[in-house]
Structure formats: C-alpha cells, structure tokens
Amino acid sequence: MNTRFAIRLCSALAACAGLLAAPAQAAPAKAEPVVIAISAEFSVGGSTAAQDIEAGVNMAVEEINAAGGVLGGRPLVVETRDDRGVPMRAIDNLQELAGNPNVVALFCGRFSPVAIELAPIANAQGLLLLDPWAAADGITQSKQRPNYVFRLSLTDAWAMQKMLETARKRGYKRLAVYLPNTAWGRSSETALKTLSQRSPGVQWQTYWYQWGDTDFSRILSDLRLWKADAVLMVANEREGALILKGIAAFPKQSRPPILSHWGIAGGNFVALLGGPEALAEFDLSVVQTFAFKGLKTARATALARAYRARHKAEISDLAGQAGFAHAYDLTHLLAKAINRAGSTRRAAIRDALEQTGRHDGLVRRYHRPFSPSDHEALEPADAFIARFDNQGRLYRTPR
Amino acid sequence: MFNIRMFNLPLIGRIRSALRPQFSRTLSRLDQLGLRERITLTLLAGALLIGATVAAASFLYTRQLILDNTQTLLETRASRASHALEIKLAGTAAQMEALANNTITGNSLADSVGRDLYLIPLIRNQHLPFSQARLILADYQGRELTSNNLRMAALGKGLGAFPAYQSMMQTGKPTASIDRQATLPPLLVMAWPVTYNLTGNIEGGLVLVIPLSELIADTNPDESLALLDRRGVLQIGSLGKNPLSANVALDLPELFKPLGLVQVLSEDRNVALGKLNVLVFLYLGFGLFLVVVINGLARASARRLIAPVNAMATLAEQIADTGWPGPERLKIGRRDEFGRLSAAFNTMIERLSESYTRLENKLDAGTQALRQSENRLRHVMNATGEALWDWNIPANQVTHNMRWCQMLELGQEFLSHDIDGFINVVHKDDLPRVNEAIQQCMKEGVPYVIEYRMVTSRGRHFWVLDRGNVVEREKDGTPVRMVGSMTDITARRDAEEAAQERTEQLDTIFTLSPDGFVSFDAERRVRYASPAFLNMTGLASEDVVRLTEDRFDSLISLLCERSMPFPGMAMLRSKACDQTAGKAVKRTLIELKPPNSRVIEVGLSLSRAASVNAVMYFRDVTQETEVDRMKSEFLSTAAHELRTPMSSVYGFAELLLTEQFDDATRTEITQTIYNQAGLMASIINELLDLARIEARRGKDFVRTTFDVRELINTVVSSYKPPHGRPGPETDLPATPLYIHADHQKMRQAISNILSNAYKYSPDGGRVRMRVLSPETASQAKEIGIEIRDEGIGMTPPQLARVFERFYRADDSGNIPGTGLGMSIVKEIIELHGGHIDVQSTFGNGTRVTLWLPQGKEAVGKEELGKNMVDSTESAAPSP
C-alpha cells in the first residue's frame, strides 16, 4: 500500500511538474493544435444528434484546453464535416481528413449504416473512429487487426436484450418488431434471434420497412392481424413518429404499448409527433443509456451549469442527451490516450486507448474502458428504460 | 436547262477554238461525200434525233416515277421505325423513372452491406427492350454501386464524368446525352436522380447506358438507319453517298428533348434505280435495230433518187478522159427535172464535137510554118563563136547552137531540151544566184550579166560569163521568150583567184605581227602601215598612208622624246645600205613621248620590187630596256647597302691589325665588327630569301589550313620584344578563322611587321594585334591580321615608298634594319593571293593589315594538327 502510494505520489508530482513545465515550454512558439474531427449528419432535417455530439465534444475540449491541452500544451480543436447521413459522403470525408496528420480521431454520427461502412475504411487508413452513438453491433467487431474503432454507446444487442427483458417483465407475449431495411435493422434482427432463444415465452414477428418510407399502413394493418401485445420498434425519429401516428389512429384501448430502440431520441421526435401532449396517447418506453434528469453527480451539475452559461439553455432539454454524454466522455478518454501515447501518432493513441485505466466520466465510472479484445466502453447493464415526461424530456424510470 | 454563264467563259473559248479545226475538218469531209451518202446521212440523223429525244424523255420520266415511289415508301417505313423507337425509349424512360423513385432504390444508398440482396434482383429484373443496355446505380459522385450486368466493356471513366450525370446531379432532373469515347462505341447515357429517403436530397443516380447502335439495329438490308442530333450532326449509322432519305424528328420524353434526335432512314439511290437499268438495255437494243433498218431504207431511196445524175457524171468523165465527145448519149427515161437535164446535156455534146473538128484543121497549118522558121535560126546560132541559147518559156523549150554542146562536152541531141536540162549543168552552189538573176531580168526587163560555174558531161567545172534578156512578152507583160550567150572565162578566173590568195596571206602576216611595218612605193610614199605600227604610235591609217617620205620623217620625229630622237629616213637608208653591204650596224632606238611612252627599235629594208621601194620596221623593246635599268639600279643599291657595313668591318679590322688596344676597346671594336658583319649577313640572307621567293613564285610554299588565332599565338609566344618592352597585346575572335597558307612564311611575315612595330616606336607605346574577321571587315571572304603601333609613323612620301627594296623610313641609322623586310612581307602575302594595307600618320604610329583569303572552315582540329607537323617537316630546309 505504501509502495503504491509512493509511486502515485511520484507520478502525481511528475504530472504537476509536467503541467508546470508545459506552458513554459509552449510559450515561446505557438503549439500546433491537435485536431478531433466529426463527420456526422449535420444537415439532416429534424435530426439534432450531430449537433448534440458536437456539443459534447466541444464541452470536453474546452475543459481539456482550459487545463493546458494535450501533449504538454497543444490545444485540441474540433473540425466538422457534414455527411448528410450518406455512407459514401462519410467515407469521402474520412479519406480527406485522414490526409491531415494533425487529425487524431474521427467521431461518427448516429446512423449505423454510415458507421458500419466507415469502420473498415478507418481501419484501412489507420485513423481512430470513435462512435458515440451508432448502435449496430458489427461496427466495432471488425476482423481487421489492429482495430481502430472504439465505441462508447449502446449496441443493438444490449438494446434488444433490454427491450426483450422489459417485454417479458411486463408480460408481453406477442411482439411485432419493426425494422428498417438497413445494417441497423439487420443488426437488431440478429440480436433478437440470438436473444429470443433465452426468452422462450415471447413470440415475435418482424416487419421490414424502407428507410425513408412514408406509408406504414401495411405493416400497421398486419399488426392488428397478428394481434400483437406490443410493438418493438427500431426506427429513427421520422419513421418512428409516422408509425406512432399510425398507431394513434387505433382506438385508445387497442393501441399496443411501444418499446422503442433509442433512434427516436436523436432529433425532434416530440415535435414531429405533435408536441409533448401527444405523448400522453401512448405507452412509450425508450431504451437509453443516459439522462440528465434526476442525475445528481457533481460532474453532471457542473456540466449543466457550464452548458447553461454557454448555450443559454437547459442541458436536460437536449434531445440527444446520450449522444452528448457519450461524446463528452469519449473526448476525455481520447485526450488521456493522446497524453499517454506522448505523440499524435495514431497507432500509438490507439494502443494507449486500449491501455487507458480508470476514468470518472459523466455517464459512469469506467474501470478500464477499452481492452484489446473489447472496444465497447459501456456494458449491457448500462442500458435502461426511459420515458418522456410531460415536457418531452427523457427520464430514467425507476427500476 | 443550264445557264452558259455558269461556266468559265475563257475556258469555253479555248474549247471552241480547239474544236473549230476538228469541226471544219468534219464539214470538209462531209463536202467530199456523194449526194447519195449525204441523203442517207440526213435521213439517218433525223431518225436518230427524233428517236433519241423520245427515248431520253421517257427514260427521265420513268426515273422520276421510280424515285418518287421509293421516297414515299421510305417515308412510310421511316415513320414506322421512328414510332417503334419512340415507344421503346419512352417505355424505358418511364420504367427507369419508376425504379429511381422506388424507396428501395433510395434505401440502398444507405445500405451498402445489405443492398445487394434486394437491389441486384430488382435491377436485373428490369426487362429492357435493349439487349446491351447497362443499368447502373451510382453514388453522389457517380461511382458505381451496382449494375445489371457486366457485358459491356468497363466504361473508361466514372459515371460522374458523363455530362448527363453531372447535369442530372445539378438540376435534379432526368437527363440524357450522347457520349463519345475513343475506346467505346457511341453511347446514349441517361441518368435519373435517386433521392435519399432520410434527407430528401439527391444522393445518387440511376444510369442507363445504351450503345447508340442498338437504336438503329432493325432495318431492311437495302436501307440504312441513322440518328442526327439537333445540329444535324450524324451520331450513329450511315447516310450513304447518294441516298434517298426520310427524316423524322423523334417525339421523345422530356429528358431526350435537348438532344433533338432526328431519325434518318435512307436507301442508296443506285439500288432504287437498279430496275431502271433493264429498261435502258431494252431501249438501247431497240434503238440499234431501228438504226440498222433506217439506214437500209435511207440507202435504197437515195440510190433511186440519184441514178440519172450518176449516168450524166459517168458520160462527162468519159469525155474528159478521151478529150473527144464520142457517139454515146444519155437515155432519157423520165419527164421530171432530171429528164430535162439529160436532154440539154446531149445537145451540149453535139455542139462540142463540131467546134473541136474546126479547131484541129487550123492548128495543122500553123505548125508547118513554125518548123521552117526554127530550122533557119539553128543555122545562124551554130555559126557564132559563143554558146547561144533561146528559151521558149511557155513551151518549156531551150534551143542552143553547137558551141554550147562543145563547151559542155555534150552530143547533138542536146541542141534542144527543156529548162531542167539547163538547170542540171549549172553548178549547184551557183544555181540560186543564176535563178535570181533570171527572175529579176524577167521581172524588170533589164538584161543580166552573170558569171557562174557549169559542169560538163565529164564532171569538169568551168566558169562562164552569161548575158541574157527577155525579148518577147505577152500583152500583160508575162515573158514568153529569153535569149542570151555564154563565154568560157575559166582561165581569167583562175588568175584572179591566185592573186587574191597571196594578198590575203600577206595581210594576215602583217596584221598578226607584233612588230610594226610601213612600206613605201616607188614614189617613196607610204603605201601601207601595219596595225601593230598604228597601235604603237597611236596614229590612224589615213594619217600615214600616201604621205611622202619627208613628211613621214617629220611626223615620227614629232612623236619621239628628245632623249632618244628619230635619226631620220636618210640615216636609216644609209644604215640599210651598210647592212646590205654586210657591215655591222648598231641598232637604232627611239623613245615615243607619252602617252605611248615606249622604247622602239627601228630599221629599214630596201627592196627592188617594182611596187615596194622600202619596208620600215618598228620593234617594241620597252620591257627589255626596263628590266636592264632595274637590274643595274638594284645592283648599285645592294652594293651600296653592303658597302657601308663592309667599310666598317674593313676599317675596324685594319685598326685591330695595326694598333694595340686595351681589352675593353678591343672588345668594343670586335663587337662593332661582329654587329656590322651580322647586318651584312642578314642583308644577304634576306636578299637570298627574296630571290628565292621571287624565283619560285610560291611553288615551294607548303600550304595548310590553320586557325589564324593559333598562328598569332605562335608568333607572339616566340617573339622576343626589345628589352624592357611588353609583348604585343592581342585581341582574337572567339571562334576559329581558317586560312590556307604556308605557316612558316606567314610567321616570317608577321614577325617582320612586329619587329618594325617595335623598332619604329623607340619611345615605347603599345603594340596591338587583332584579327579582322569577315563579319567585321569590309572585305568579304578575307581575313585581316592587323598590327598597330604608337610609334613615329611615316609621312605620305615615306608611306608611298614603304615596299621599295632597301628603302628605310629612318635615315638616321639609329634604327637597325636592312630595308628588305616589307618587300619580303609583300611578296609572301601577294603570293598567297592577299594584299597589304598600310596606314600611317607621322608621329602617331602605323597600322599594317595583312589581308588573306579565308580558308575552308571544314578542316577539323586533328587534321589541322597533322598538317602542322607536315608543314614543319617540309619547311625544314628553310633557314
């Protein structure tokens, strides 16, 4: 114990010395900034996820820069690119950013189809791809070594597990599962198939829709034909709102409860639905990993204050609170890894990320966020069920 | 039908003038044809003209009919073909639009991993009416995401490079364009926008690529389909060379509108008109048959028409042949114009027969009288001594006397003959002259006298004097009879020719002789002065000829210088007598005054001939005299130049022999002797050099081609300037300049001039050398070597004598030298074909420029080096 303390003391002293020395060294020549890039769906109407992720990254970067930046005084800067939610545009952005040696990592947006196509390219280019939102399981499960993709977010498998678990708890027997015909939908389906073996009491039927579909009358009529107890919905805010509006057409007593993947929390879902009062028409539960409402940690309080001061808004009003929080924590982990690597060499940072130790984050306390075999910072237990309050804000339901 | 003004009028004129002789030849050939042939030809030509007109008109009408018919058919078929194509393209466009708007297509843009499962079956199940159509889904930059098949060769560029794709991405509307790449057949590229469901943006496109050739695939074998764009440029298919064609603007959906496609269905005009060829062959066959038939009919009718005229012509020809109207008469079988003509012809023959008999009786009486008269004349002619002739011109009869036959050694049968008999005995060379004289006499009526040669029957030539005149003429002046006589003058002509030949020989001798001659006749007057004499004295022949001896004497005395006067004719005569008597006589020289300044030896020879009393000769001895003078002058100068150092040597040597001196003085005296002997040696050496150069006239020069710069460098490096003076400054061009010369001699020449430059600038000053290349020099093709000093220079009189031997500008004796250097330089340079330019200002220095012809530049460096070695070896014997 004493020995360990002594080592800690030494390292703390050394860190202090480093902190003291760093500005002195950086002062004469202006230090070259270290770039964190974000390629996300900034211009997709109704979606705020990209902006929420950017806010989270920025908030973390401000804190890190205020504490002296990284690598002994180099400031972090954020560069953003719009990929419009189109995989090919995101790939083009990645390839462009990979050419800039100062770019150490790229944050992707919320869309799994985009992230899942970026992952192999990021590995091929040797550029860190940090995923604060997209949930498709396959994103981090590349066979390529070394794997440059790290996620601090929910996965479809955990989401499905949580939803199935909830369904079983609530006694739903027949589930109608709505899936988009994309990587995200298929990832969810795979998870469902795997998990349903463990929940033998629950029957389910999948209904596929195209991304961007506007007419869900067919799958909704099937819902009644199949006599589902509940709807298990994998959708983004736009399709989600349309499906719910379709369900709203049913008589109130025959409206099934809805267990939704968290895609609907990525934008103006509440507004699309017609305002917070429209939420009262449904029994809607959403899988989540983070909600500010009711969180009382010191860091959360401090952040809420800082956010208020900066954005003149309440942090708990954010639609994509989870994305904000994930990006925030992931940025801090990245900064630690950069310092640990001692350079902006991407391979070194990647290795350092895998070696990063305990970190007190906003979402949780990470004991060892990543390891060579596990690039998921969260774990299944981090998923919980949330509901919208009467102001359209998500809150964690009591267990 | 056509406008003649369209053609080039001068060309028409040329063609017309070329054809005119041809046409007139044909006309004259037609004139020679008989009446029967002419009638046949006229009938035949008429029939052919009418036949050809009818045939041509019906041919043209039929041809137009076929073309109109084909055109109508073509238009119908074109309309059908274009409808088919319109339906195909419109259907395809609608199908593609539906596919592009399908949400599955939009969804697939976000689903690269899974889309192949549903998109490929969807795309491949699009049954398109074009077998080679390639259907491609592309991303926002035109990169291919998936396609229906891979049958078509890979497109050479990304779809994003196609104008249709770019335009579609910009406007968001379906577009179509025609794309031509070097490696691919022309393609119709159509693109439809694909909207990304999530955002509503256009994030990709559906592209359909069809080879243009598929649009014109189904045609009949005789026809060809083609597509033109809105500018009428051919995009696919062919139009043929001389086609019948039907154009149909295609009515296609909106996206094809900018292309403005026009379909052209065409058929080779020759194929359409192929059927007409059979008709043409039929026309030709029938036409030939008609020509044969009409020809037969025309011949038969012409023969019948012309029969009486033929009979008349045969009888007339018979009378013309015999000259006597016989008993035959024409048969009169018809009562038409030919019958009347035959009757009149018979009457005419009767009248002709009567008058012929009367004329014959009268002629017999006249002939008898004439024969008697001729006999009388012949007797008279034989009696004269001269050969006589009498030419009856209309009868072409020449009559002679016996003397003519004797002269020409002919028999009596030649007493009378035609004019050819005369022409045969005149010498061929004289015949034109004789003919001309006779013709002139006939024309002007003046008797002629002419001498010419004749040839006897044995081939002997002899001269005659022929006199003749016209003695009888017709009323209109036409000569009827000429008479004349001939005399043999051969002996006289021979004597004249001998005299003429001798005179010409003498003339030639006197004319060509370089010595002048003047001859005097018995009255002692100048009879002849030769051209050489006139040339020497500048006198004209008429100034001298016919002068008496005294006046000639004073004329020559006036021309002579007082120093060498003319001694007078009397003195010359006395010398001539002495010479004849065998005494030694000193030759007489005179000198003519300027401008003829010449020294001339004169002499006189007496003659006993009747026509020539004396001949005086004049020989030009100027050259000999001048050479003698120069030799003695040179000898005296050379001796004088040698005598000065010689007396020093002699004097000092005597001193040494007779007196005792201390060592220093003796050394000084010996030094003086040595110096003076050295000067003598160099005078003698240079004299020998000069003599050798003059004697050999450059034949011993070893000429090589070398760079002038190298020459100058060699001279400068080996030249030792006087003590305390810097070497000459040189200014040489950058590029080599070649001359063809003797290196050794050139070195000698330049050294001499350099030496003078230093010697004649005793107070110092720069000595500069430079080369004047042809570019800088006024003299083209010559290279100048200029040596310049800043010394004492020369006055103009000194400059004028600078090349004189032993001439030295310095007469003080302070500057050493022989006075031969510049002469040697001049000889060397002039024997090289060059010249020297010396410019000098008294007190300001001298500039000498040696001008040499430029050598060939082609000589390489190695060859140059080799030549240098050669020249050194062969020049070794030179001192």
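Sequence lines set the chain letters: A, B, ... in the order given, protein chains first and strands last, and positions in each chain run from 1. Predicted, not measured: the structure shown is a model, and the values here were computed from it.
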* Can you label the angle between the A:Tyr209 ring and the A:Phe216 ring as parallel, tilted or perpendicular, going by 30° and 60°? => perpendicular

* Structure fact -> Bottom line for A:Arg186: the part with an atom under 4.5 Å from chain B's heavy atoms is side chain

* Tell me, please, whether B:Tyr196 has A:Arg84 positioned over its six-membered ring: NZ or CZ under 6.0 Å from the ring centre and within 45 degrees of its axis? => no

* Start with the C-alpha distance between B:Trp192 and B:Tyr165, add both sets of side-chain angles, then the distance that settles ring-ring contact (aromatic ring centres under 6.0 Å, His included), and finish with yes or no. => CA-CA 8 Å; B:Trp192 287 268; B:Tyr165 199 88; over 10 Å; no

* **Interface residues of residues 92-109 of chain B facing chain A - heavy atom cut-off under 4.5 Å** => B:Thr103, B:Ile104, B:Asn107, B:Leu109

* Asked: Hey, mind stepping through A:Ser47 and A:Arg110 against side chain to side chain donor-acceptor pair (under 3.5 Å) and telling me if it holds?
  -> CA-CA 10 Å; A:Ser47 170; A:Arg110 69 190 262 217; 2.8 Å; yes

* Asked: Do A:Trp208 and B:Tyr118 make the cut of ring centroids closer than 6.0 angstrom?
  -> no

* To do: Considering non-hydrogen atoms only, spot the tightest contact between A:Ala176 and A:Tyr207 and give its length.
  => CB-CE1, 3.8 Å

* Can you pull out the residues in residues 79-87 of chain B with any heavy atom less than 4.5 Å from chain A? -> none

* Asked: Hey, what do you get for CZ (A:Arg238) to CD1 (A:Ile243), rounding to the nearest 0.5 Å?
  -> 11.5 Å

* Asked: Does the side chain of A:Leu244 reach to within under 4.5 Å of the side chain of A:Phe269, using non-hydrogen atoms?
  -> yes

* Asked: Counting only heavy atoms not in A:Lys193, do more than 12 fall under 6.0 Å of its NZ?
  -> no

* Asked: When only heavy atoms count and the cut-off is under 4.5 Å, which of residues 113-145 of chain A reach chain B?
  -> A:Pro113, A:Ile116, A:Glu117

* Asked: What's the shortest heavy-atom distance between A:Ala191 and A:Met160, and which atoms?
  -> CB-CG, 3.9 Å

* Side-chain donor or acceptor of B:Gln71 paired with backbone N/O of B:Ser245 under 3.5 Å -> yes

* To do: Return the set of residues passing salt bridge (Lys or Arg N to Asp or Glu O under 4.0 Å) with A:Glu79 (not counting sequence neighbours), or none when no residue passes.
  => A:Arg81

* To do: Could you tell me if the ring centre of A:His326 sits under 6.0 Å from that of A:Trp262?
  => yes

